Each structure stands twice: as structure tokens, then as C-alpha cells.
K.L.:
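The structure that follows is given in the form of C-alpha cells.
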There are 2 protein chains.
Amino acid sequence: MPKLGAEPIRRAALVKAAIETVGDAGSLDVTVAQIARRAGMSSALAHHYFGSKERIFLAAMREILSLYGAEVRGALTAAAAAAVEGCVHQARLRAIIRGSFAPGSFRREAISAWLNFYVLARTNPEARRLLTVYQRRLQSNLMHDLRPLVGDRAAEIASGLGALIDGVYIRAALSGEPDAVQAAGIVLHHLDRELECAP
Amino acid sequence: MPKLGAEPIRRAALVKAAIETVGDAGSLDVTVAQIARRAGMSSALAHHYFGSKERIFLAAMREILSLYGAEVRGALTAAAAAAVEGCVHQARLRAIIRGSFAPGSFRREAISAWLNFYVLARTNPEARRLLTVYQRRLQSNLMHDLRPLVGDRAAEIASGLGALIDGVYIRAALSGEPDAVQAAGIVLHHLDRELECAP
DNA sequence: ATGTTTATTGACTCGTCAATCAACAAAAAC
DNA sequence: GTTTTTGTTGATTGACGAGTCAATAAACAT
């Protein structure tokens, strides 16, 4: 059965299976055997390629963050194409927010993954690092378009927006029926208020 | 050794130990034996009084929510005493926010407990119920003082404030040095913006 | 005194699971 | 065609942990 060049395929399958398994269980309390079975292989092979359960989780977290990043980047380039001159910054800010609440980031497994990776980040240095990267990139993206609009208040507003995005995410995750549009609406509304009230 | 009337004392000790143990571990992946040892008894006794690990966690969650509720109630009555006439509602709203970021709710164990209870609420119906109670009470508290100030916009604004409180909480939890004052400041700032911009 | 209720634990059961290893299979290299 | 590299797994190890139980002991009731 061994086909050559299996490593990348196996790794990807395991990462996908890990995200799905955590999504189903709702917690990181899942076994390597469950993940491996879902990925169609033995648990020994999972250990062979990743070395430990922890490494599988970290790879899954990288995948989640990477998907999120792609979502935001996509929304940003779409916005750049569509935006009327003079409103580019507003349009980009809205794109970042919409990207954060894209359907993909809002699937059940993704939400479960995020929640559990928050918990993982409390104890695992690498997980914490990855989450810091995410937060810094978001902050920096927001600042880039806020500074031209509100100057010195950019940092403060970006912090608020970042926290609001996270908070709305969790609210939606815990409500039975996450409504991505409404969630994004709350954040967009907050942005409007901040921009309206600029001195 | 058996002194009579030990049950309530033992239960309280176990709840306290559970919160501390989860706080130290940063996850719910702790053993009944660890909790029991910390509470100064055998794991058998912990099972005797609570029946299962799950029940211990739920009791701990109730305790955390109860402490939070007390904090907010305290801040509200203090605000009622101090507030100048005509600003009562603003003062009460600020009190709710400050109560949410009281030092007590911001200790390491409390933050760990909150994060992990969010995760628990994904799978455990009783945990979800408790979290819903918390969210509803917060929403209702906020609405009570927002309605006189902003009328129909109250519900929308209360949702935003609730999500922002949760989000800021998590940001602070994941930053090494949670700064309760700064955290409360972000939410208070958001409130001011919403009230300033009232039509 | 004697029986009942409450408190308490050590020892045990039964299961689970991460990680390892020896062994087998197929492709590639030489 | 044999050796080496890559892929793969069943079986095993070693540890740990939730929940049970029988047994002990102190207080209380009568």
C-alpha cells in the first residue's frame, strides 16, 4: 500500500482530522487514535509523522490561523478593487471585519478550535506565540487604515476593535445559532461610531 | 477525626481547590486526586460529596458566577450612593463595567476558570445554562440603564457592550500582565462613544 | 450499651491512552 | 537482485485516573 510522497498528504489529513475531531468533541480531550482513525490511518503513523499529540494540535492551530489570514487577505484585495476613491480606508477596515466573520471562520469546527486554542495558549508557549502573531497582525492591519482617519487615536481604537471581534466571536460560538452577518454588524456599527465621533 | 457538619465545609473546600487547581493547570485536564489533595482530603471523599468530577466543575462554575454577580451588585449599590442626580444611569452603567473588571474577577484562577468554562459550555448543557444566565443578567442589567438614555438602541448597544466585555477579558487573560484598569477603560470609552453619538 | 448516622480512607477495579517497537511491504537506488 | 529508503501497522508497554467498596471511627440517639 505504501505510495511514495505520502508524508505531506498524511500530515494534511491528520491536521484536518484533528480540527474536525476537536470540533466534534468541543475540547482538546481527544485521543490520537480518534484523530488517526478519522484520517484513515493507524495511531502509530500519526506519532510517526508528528511525534506527539501536542505537535498535532500546534499544526492544527497553524492551519486555523492560516485559513483566517487567507480570508482577511482575500477580503482586502476584493475591497481594494471595489472601493471608491476617498473611502479606501473605510472600505479596507470593513473588509478586515468582514473577513474576520467569514463563513469559513464561523464553522463549528473552526469556532471550537479557536476556543480551545485560547485555552491551550494559557499553558503552551508555542500556542501563545501563534496567538500573539494573530493579534499583532490584526492590530497592525487595523492601524494601517485607522491612522489616516483618526491619527493618534488609532492604537486605542484598534485595541477596542480587536477585543470586540474576539468577544463577538465567543458570543456567537456559545449561542446555538451563530449568525455571522449580525456578528459582523455589531463590530461594523462600533467602527462607524468611532469614525463619526472623530474630533 | 470525624466532626459533624463537615459536608458544607468540605464542599466549599473542594470548590475552592478546584478553581485553584484549574487556575494552575490552565485547563480542565486535572485529576480529582489533585483537587482533593489541595483541599486536604482523599479523592474518595471528593467523590463521596460530589459524585463525579463534572459536578465539582459545575459547582466551581457556579461559585465563579456568584462571585462575579456579587462584585457587580456591590459596584451598583456603591454607585447608587455616590451618583449625582441626573447621571444615575450613566453612573450605574459605569459601575457594571467596573464590576466586570474588578480585581477579583481578574485573578489568574478566575480568568482560567472563565476560559475553561467557556469550553465546557460547548458540550455540557448545565454549563451552557449557567453561562446563559450570566449573559442574560448582564444584558438585562445594561438594558435597564440604557433604555432611559438611548431608547430603542438599548438592545443593540447592550449586545455590543457584553461582547466587548468578554473580548477584553480574553485579551487581558492572554496578555502576560492583565491590566484591569486599562481593560475597563476600553469598555468605558466605547460606552461614552455610544452615548455621545445618540441621535 | 447498643444501634444508627455521618465522616473518612486505603486498596482495588477497570478502563484508557500516549508513545514505542519490531516487523512487514513496496518503491528507488545501485 | 540486493540494499536502502520510505511507508505502515499490530502488539505492547507503562502509566495514570475515575469511580467503587469495604472497613474504620467518631458522634449521636435511645
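Since the structure is predicted, the reported quantities are computational estimates derived from the model, not experimental observations. Naming convention: chains lettered A, B, ... in sequence-line order (proteins, then strands); numbering from 1 in each chain. Every heavy atom of this structure was used, including side-chain atoms; hydrogens, water molecules and symmetry mates were not.
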K.L.:
Which residue pairs satisfy the ring pair (Phe, Tyr, Trp, His ring centres under 6.0 Å) criterion with at least one member in residues 81-101 of chain A, sequence neighbours excluded?
P.N.:
A/F101-A/F106
K.L.:
Whole Å only: how far is the CZ atom of A/R11 from the C1' atom of D/dG7?
P.N.:
14 Å
K.L.:
What is the distance from CZ of A/R37 to P of D/dT9, rounded to the nearest Å?
P.N.:
13 Å
K.L.:
Are B/W114 and B/Y134 close enough that their ring centers fall under 6.0 Å?
P.N.:
yes
K.L.:
Roughly, in whole Å, what's the span from CD1 in B/I56 to C1' in D/dG17?
P.N.:
13 Å
K.L.:
Could you check whether A/R153 pairs with A/E194 (Lys NZ or Arg NE/NH1/NH2 to Asp/Glu carboxylate O, under 4.0 Å)?
P.N.:
yes
K.L.:
May I ask you to list the residues of residues 39-49 of chain B, by number, that have any heavy atom positioned under 4.0 Å from an atom of DNA chain D?
P.N.:
B/A44, B/H47
K.L.:
To the nearest Å, how far apart are B/R55 CZ and D/dG19 C1'?
P.N.:
13 Å
K.L.:
Only counting residues at least two apart or in another chain, list the ones meeting side-chain hydrogen bond (donor to acceptor under 3.5 Å, both in side chains) with A/Y68.
P.N.:
A/S100
K.L.:
Which pairs with one or both residues in residues 45-64 of chain B pass salt bridge (Lys or Arg N to Asp or Glu O under 4.0 Å), sequence neighbours excluded?
P.N.:
B/R62-B/E126
K.L.:
According to ring pair (Phe, Tyr, Trp, His ring centres under 6.0 Å), does anything in residues 6-55 of chain B pair up with another residue at least two apart or in another chain? List the pairs.
P.N.:
none
K.L.:
For C/dT6, does OP1 or OP2 lie under 4.0 Å from any side-chain N or O of B/R10?
P.N.:
no
K.L.:
Find the distance A/F57:CZ to C/dA19:P and express it as a whole number of Å.
P.N.:
10 Å
K.L.:
Strictly below 4.0 Å, N to O, side chains only: are A/D179 and A/R171 in salt-bridge contact?
P.N.:
no
K.L.:
Where do N or O atoms of nucleotides 15-17 of chain C meet protein N or O atoms at under 3.5 Å, pair by pair?
P.N.:
none

K.L.:
Give the intermediate values and the outcome of side chain to side chain contact (heavy atoms under 4.5 Å, CB included) for residues B/L115 and A/R122.
P.N.:
CA-CA 9 Å; B/L115 273 181; A/R122 289 275 294 165; 3.7 Å; yes
K.L.:
Rounded to the nearest angstrom, tell me the gap between atom CG in B/L28 and atom P in D/dG17.
P.N.:
15 Å
